[in-house]
Amino acid sequence: MPLQLYNTLTRKKELFEPLEPGRVRMYNCGPTVYSFAHIGNFASFLLADLLRRHLEYSGLEVLQIMNITDVGHLTQDNVADAQGEDKLEKKAREEKKDPWEIARFYEDAFHADRKLLNIRDAHRYPRATEHVPEMITMIEELLAAGLAYEAGGQVYFEIAKFPRYGILSGNSTEELMAGESGRVESDPSKRHPLDFTLWKRDPKHLMQWDSPFGRGFPGWHIECSALSRKSLGEVFDIHTGGEDNIFPHHDCEIAQSSGGKDQICARHWLHRRYILIDGKKMSKSLGNIYTVGDLVQKGYTPREIRFNLLIGHYRANSNFTFQGLDSARETIRYLREFRRNMLELPARVTPAEEIQTVASLSQERDRGFRAGLDDDLNISASLAELHAFVSEAYKLATTEESGRLAVARLDAWDQVLGVLGERDGSPDASETTARVGKSNWTAAEVDRLVGERNEARARKDFKESDRIRDVLKAAGIVIKDSPQGTRWHAEG
RNA sequence: GGCGGCAUAGCCAAGUGGUAAGGCAACGGUUUGCAAAACCGUCAUCCCCGGUUCAAAUCCGGGUGCCGCCUCCA
């Protein structure tokens with residue numbers, strides 16, 4: 001089934017085919033490590049993760065690169081003073097640490113949260129600060145090609161030399177000028193007000209590097225151009241980011257990376273639209289900028305957060321709500337329960353017809369699941385197939401063998417979704433000393449309590465049996481009575 | 001002011017011309033000592049107005065509301 005992806009560049013869905021058959025090269029705009037990444041940032045990284053997982057599920061090899069922006073940027077508050085101040089620098093001053101320490105701290109935090117959210121490791125996470133020589137080389141090339149110039153101590157890219165400037169955002173230079181409305185103070189030495197910085201000199205900046213253009217630091221957009229070219233080549237398959245990256249960041253990248261040629265560095269551009277929080281945009285004044293840590297502190301699990309961020313389409317303003325997190329919790333619980341129930345089916349001989357039915361259903365639903373994601377990552381359609389299959393399996397599977405077949409299907413899908421995790425939550429008899437869930441008991445001790453409860457039930461002492469069940473429940477252990485006996489498992 | 005996107009049930013969310021997927025919640029029922037789990041059933045005419053069409057949530061025009069970019073904030 002052919003994969004169709006919307007391309008910001010052409011504003012339509014296009015058939016996706018990697019330049020090199022069977023092998024996809026993808027670049028993702030990564031985090032700026034001057035503070036904790038919030039769930040909006042992770043929504044963007046999750047788009048990359050879902051795409052990567054689906055490509056791999058489809059049998060393609062993926063080379064994924066995500067940059068770490070540790071140089072920092074000009075802050076809005078400081079634009080006015082014309083000197084500018086690096087965000088990392090500001091943070092460093094506030095926290096009285098050096099910017100390199102700050103950057104490393106938040107980079108570590110990013111990876112910790114990323115792993116919590118079950119986002120697969122990219123193949124490389126290149127740091128901007130470790131690729132300044134590559135950026136300098138690129139700037140030199142642009143100067144040599146006459147696409148850039150030095151003025152007023154800075155190096156600028158001359159947009160007049162790249163007629164297609166603005167192609168990604170759909171802006172023409174004239175429109176951008178019209179929209180500018182005098183809000184931006186332009187450096188008078190620039191040839192055109194929209195020419196953007198490649199190399200900047202500012203003695204107050206803490207992070208400085210020597211270069212042929214003087215001691216300074218790289219401009220705002222050059223890092224992604226240099227990093228992507230180094231890791232993936234001049235033209236690669238996919239470039240992702242948040243919708244705010246479209247202009248100016250990605251348009252500038254395209255201009256720089258063209259090298260004066262009529263080529264655009266990436267073929268497919270995918271942008272995650274902003275998520276809203278309770279229908280409102282994230283903002284400091286509303287206090288709704290949540291980090292993974294914030295939500296975990298409120299009692300939600302990383303998988304619930306992942307699922308809630310994943311179920312909306314990446315090109316829609318999905319609404320992130322606490323009710324949605326509760327909904328995600330219930331769905332995950334339901335699916336884990338399904339796994340347990342399937343694996344606990346009686347181990348007896350399965351009629352050939354039943355196996356056949358479950359197997360063909362599994363294949364049919366998998367086709368639907370893949371078709372959904374193939375349609376520009378329409379995960380809602382895929383999840384509908386998943387739910388249909390679970391419901392059907394409940395009705396059809398009567399033995400452990402059928403159950404295992406159904407679970408295999410679910411687990412395969414979870415390679416793409418990544419929300420169920422590896423553990424199935426069932427008690428492991430071999431771990432006699434391990435505590436069960438959040439309780440203080442071992443599995444053997446829980447078994448003993450369950451036995452006591454069943455003795456009470458047998459003599460119809462329901463007051464006592466309910467008391468024991470309440471005690472277990474309070475400890476996070478769920479009891480299920482069935483004709484085959486009583487089963488229990490830890491919550492979740 | 002310029003460019004772009006969105007508007008579907010209490011909540012989340014598919015569906016781009018053929019008569020509204022799926023999930024959560026809720027309610028009724030089966031099952032259970034009671035539960036839990038599972039199962040069965042109920043629950044929307046698609047922001048408003050006008051137009052095109054045999055037929056529109058889906059196309060066109062006009063409103064209203066929300067979101068994004070135009071100042072590196074995914």
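Letters A, B, ... are given to chains in the order of the sequence lines, protein chains preceding strands, and every chain is numbered from 1. Just so it is clear, the structure is predicted and the values come from calculations on it, not from any experiment.
Base pairing of U52(B): no nucleotide in any strand meets the Watson-Crick or G-U wobble criterion (both distances under 3.5 Å). Nucleotide C24(B) is matched to G10(B) when pairs are restricted to Watson-Crick or G-U wobble geometry with both distances under 3.5 angstrom.
If you check A13(B), G23(B), C34(B) against the side chain of Asp466(A), the one that comes closest is C34(B). The nucleotide whose nearest atom lies closest to any side-chain atom of Lys281(A) is, among A37(B), G4(B), G68(B), G68(B). Counting only heavy atoms from C-beta on, Val478(A) has its side chain closest to A36(B) among C24(B), C34(B), A36(B).
Across all strands, Ile311(A) comes closer than 4.0 Å only to sugar-phosphate atoms, never to a base (heavy-atom distances). Residue-level contact check: Asn308(A) touches neither bases nor backbone, having no heavy atom under 4.0 Å from any strand. If you check every strand for non-hydrogen atoms under 4.0 Å, Ser318(A) touches sugar and phosphate atoms only. Across all strands shown, Gly324(A) has no heavy atoms under 4.0 Å from either base or sugar-phosphate atoms. Within the nucleic acid shown, Phe247(A) comes within 4.0 Å of sugar-phosphate atoms alone, with no base atom in reach, counting heavy atoms only. Using a 4.0 Å heavy-atom criterion, one finds that Ile275(A) contacts the bases of the nucleic acid, with or without backbone contacts as well. Using a 4.0 Å heavy-atom distance criterion, Arg487(A) is classed as making no nucleic acid contact. Note on Arg329(A): nothing from the nucleic acid sits closer than 4.0 angstrom, heavy atoms only. Looking at heavy-atom distances under 4.0 Å, His249(A) makes no contact with the nucleic acid at all. Base engagement by Phe462(A) is indicated by at least one non-hydrogen atom pair under 4.0 Å involving a base atom. At the heavy-atom level, Phe338(A) lies nowhere under 4.0 Å from the strands shown. Lys280(A) comes within 4.0 angstrom of nothing in the nucleic acid, heavy atoms only. Within 4.0 Å (heavy atoms only), His313(A) reaches sugar-phosphate atoms of the nucleic acid but no base atom.
The cationic atom of Arg114(A) (NZ for Lys, CZ for Arg) does not lie both less than 6.0 Å from the six-membered ring centre of Phe45(A) and within 45° of the ring axis.
Asn67(A) has its side chain out of reach of Arg127(A): every pair of non-hydrogen atoms, C-beta onward, lies at least 4.5 Å apart.
The aromatic rings of Tyr394(A) and Tyr334(A) sit tilted, their planes meeting at an angle between 30° and 60°. Between Phe42(A) and Phe110(A), the angle of the ring planes stays under 30°, which puts this pair in the parallel group of the 30/60° scheme.
With respect to the salt-bridge test (charged N to carboxylate O, under 4.0 angstrom), the residues Arg315(A) and Asp376(A) qualify. Electrostatic pairing of Arg457(A) and Glu452(A) does not count as a salt bridge here, judged by no charged N lying under 4.0 Å from a carboxylate O.
Phosphate proximity of G22(B) to Tyr334(A): absent, as no side-chain N or O sits under 4.0 Å from OP1 or OP2. In this model, the phosphate group of C69(B) is approached by a side-chain N or O of Tyr274(A) to a distance below 4.0 Å at OP1 or OP2.
Rounding to whole angstrom units, CG of residue Asp195(A) and C1' of C70(B) are separated by 16 Å.
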